[in-house]
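Structure first, commentary second.
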Amino acid sequence: MTRPSVDVPHLCISEAAIVAVMGANGSGKSTAALCMNGMLLPERGEVLVDGLNTREEVTRMEIRKRVGVVFQDPHLQFTSMSVESELAFGLENLGVPGREIRARIEQQMDLFQLRGKRDQVPASLSGGEKQLLAIAAVMLLEPRYLVLDEVTTFLSGNSRVQVFELIANVPARTGAGVILITQNPREAFAAGRLVVFHEGSIAFDGPPETVFRNASSLVKMGVPVPLRERIGLA
Amino acid sequence: MTIELTDVHYSYPARQRGSSPALVGVSLVAGERECLGVVGPEGGGKSTLLSVMDALLKPDAGQVLRDGEDVWEDPADLASFRRGVGLCFQFPEQQFLCETVGEELLFGILPEDRDAMRGNAFQLLREFGLSPDAFLHRSPFSLSMGESRRVAIASSLIRQPHLLLLDEPSAGLDGKGLQQLEASINIAREHMATMVIVSHDLDFLASFATRVIILAAGSIRYDGPAEDLLFDRARLRAYGYDVPEIVEVIEQLRASGSNIRQRLCSIGELQAAAEGLPLAAGEKRNSQKE
């Protein structure tokens with residue numbers, strides 16, 4: 001897949017906060033996300049996770065443990081033959097004791113309403129259920145940074161509310177930082193900070209209500225803008 | 001085309017999707033020039049409903065009627081029925097089969113008609129904001145989510161279907177992509193008799209749906225005019241949906257003294273209503289014309 005290029009002089013994301021990232025399709029949001037856990041290495045410049053450089057092979061595994069990514073398209077990240085084993089997969093790799101794995105999986109299946117799907121093959125789930133499973137599996141590993149790349153697109157109203165509540169509580173509950181890539185202005189408002197990508201660079205960075213005041217530039221950049229701002233009612 | 005489902009039941013084979021049935025006694029009519037919106041929880045049967053309407057899945061019981069005739073009655077007619085239906089899946093890359101976008105667009109066209117249709121393919125790509133020079137020879141698997149969605153929809157429109165079924169068409173699209181999609185759906189609606197759109201995006205449905213159904217656990221829980229449901233805060237809340245943004249804005253305008261009517265309308269009408277509001281002292285208007 002041809003990925004858009006990014007040129008970001010400096011972007012710092014701290015723990016225990018939610019940062020929303022918006023931008024047109026192809027503006028470099030997902031490329032930046034893949035750089036954050038070392039899946040892509042920058043041609044120039046550095047990506048540091050708690051001071052660890054993604055360029056250094058010895059630290060890459062540690063970086064991937066710290067930065068959990070949920071992709072736009074959940075098909076890409078399933079490896080197991082049942083919902084239950086998909087949830088267990090990451091914890092087993094981390095060497096978590098079996099009894100603890102089972103307890104944590106049970107809890108996660110309740111939180112994400114996946115209990116009835118325990119034995120199903122992930123590929124057979126509906127679009128929204130796949131997204132729920134992908135988010136549940138990554139959140140179970142409690143990464144220090146959670147990168148969510150347009151993960152609520154196929155979720156129904158109720159699931160979106162529930163998943164959003166879980167995501168919003170992450171900073172307070174685990175102290176992790178959340179990077180929420182989204183095309184939905186309402187989701188951006190849930191974050192204290194909104195970063196807008198345009199053609200690989202950062203065009204805006206600030207509180208969502210301040211950033212959305214630039215409605216006409218954002219519309220030109222292909223960024224969805226709340227209706228109120230579009231008609232000048234905000 | 002009028003498509004009608006009468007008491008349709010469907011269950012997937014148990015090892016594929018567990019034991020619960022996907023559709024339970026679904027009856028509905030999508031009439032000529034109607035745009036039916038379908039919402040509801042995941043796993044509720046929405047995508048299955050589209051596959052049944054496209055006759056990709058045969059109901060275990062009940063009927064699928066096209067203009068009053070059972071589409072399954074004569075298996076020899078199934079292929080021609082399906083050619084008249086455009087279906088776009090939730091994950092567009094699942095429906096790509098060809099090496100280039102150009103071939104993909106013409107895939108559903110009979111080989112003898114392809115040369116004649118090439119011009120339409122170019123035109124459609126342009127309407128969707130994808131320049132033919134840049135895209136015709138690209139692999140559909142190299143496209144971004146938004147681009148592949150537009151190519152998938154364009155490839156179903158090229159056959160000028162009588163019935164267009166869209167599964168979450170707005171998901172993953174940016175502001176421009178959304179505008180292009182909306183424009184394309186408007187073009188399609190001029191030609192097309194009937195459309196069914198599955199979407200959780202009520203802002204998107206508010207622009208098109210004439211009627212909305214809520215499908216949960218395989219059965220229909222609500223079926224009524226879009227305007228009734230989209231203004232019904234309590235009923236939407238029960239399914240975790242907020243009212244669409246346009247409804248919130250209309251309510252805000254009315255609360256600020258506008259006499260805008262409580263019904264779905266265009267952005268132009270909203271803008272006019274917003275401009276008609278009295279300005280508070282020292283306030284500057286920052287409205288942006290679209």
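Naming: A, B, ... by sequence-line order, numbering from 1 per chain.
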Given a strict heavy-atom distance threshold of 4.5 Å, which part of [X] is in contact with chain B: side chain, backbone, both, or neither?
X	answer
A:M221	backbone
A:E150	side chain
A:P185	neither

Heavy atoms of other groups near [X] [atom1], more than 12 under 6.0 Å:
X	atom1	answer
B:E99	CD	no
A:R173	CZ	yes
A:F78	CZ	yes
A:M39	CE	yes
A:E165	CD	no

Under 4.5 Å from any heavy atom of chain A, what part of [X] do you find: side chain, backbone, both or neither?
X	answer
B:A273	neither
B:D201	neither
B:P140	neither

In Å, rounded to the nearest 0.5 Å, how long is the span from [atom1] of [X] to [atom2] of [Y]?
X	Y	atom1	atom2	answer
A:I231	B:E269	CD1	CD	11.5 Å
B:D167	A:S126	CG	OG	9.5 Å
B:Q252	A:R228	CD	CZ	4.5 Å
B:I250	A:L227	CD1	CG	9.0 Å
A:N184	B:H200	CG	NE2	13.0 Å

Problem - Interface residue of largest heavy-atom contact number with chain A, from B:E168, B:K46, B:E147, under 4.5 Å - result: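 Top count of heavy-atom pairs under 4.5 Å with chain A: B:E168.
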Exercise for the section: Go through B:L178, B:L173, B:I246 and name the one with the most non-hydrogen pairs under 4.5 angstrom from chain A. Expected result: B:L173
Handout entry: Among the listed options A:G222, A:G128, A:G116, the residue most often paired with chain B at heavy-atom distances under 4.5 Å
Key =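 Among A:G222, A:G128, A:G116, the one with the most close pairs to chain B is A:G222.
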Exercise for the section: Go through A:T182, A:V223, A:T153, A:L155 and name the one with the most non-hydrogen pairs under 4.5 angstrom from chain B. Expected result: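 Highest number of pairs under 4.5 Å: A:L155.
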Practice task
Please confirm whether the backbone N or O of A:G23 pairs with a side-chain atom of B:D174, one donor and one acceptor, at under 3.5 Å?
Solution key: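 Such a contact is absent between B:D174 side chain and A:G23 backbone.
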Handout entry: Carboxylate-amine/guanidinium contact B:E42 A:K117, below 4.0 Å
Key = no
Practice task
Determine, step by step, whether B:D203 and A:R186 satisfy the side chain to side chain contact (heavy atoms under 4.5 Å, CB included) criterion, reporting the C-alpha distance in whole Å, the side-chain angles of both residues, the deciding distance to 0.1 Å, and the verdict.
Solution key: CA-CA 11 Å; B:D203 295 323; A:R186 289 192 201 206; 3.8 Å; yes
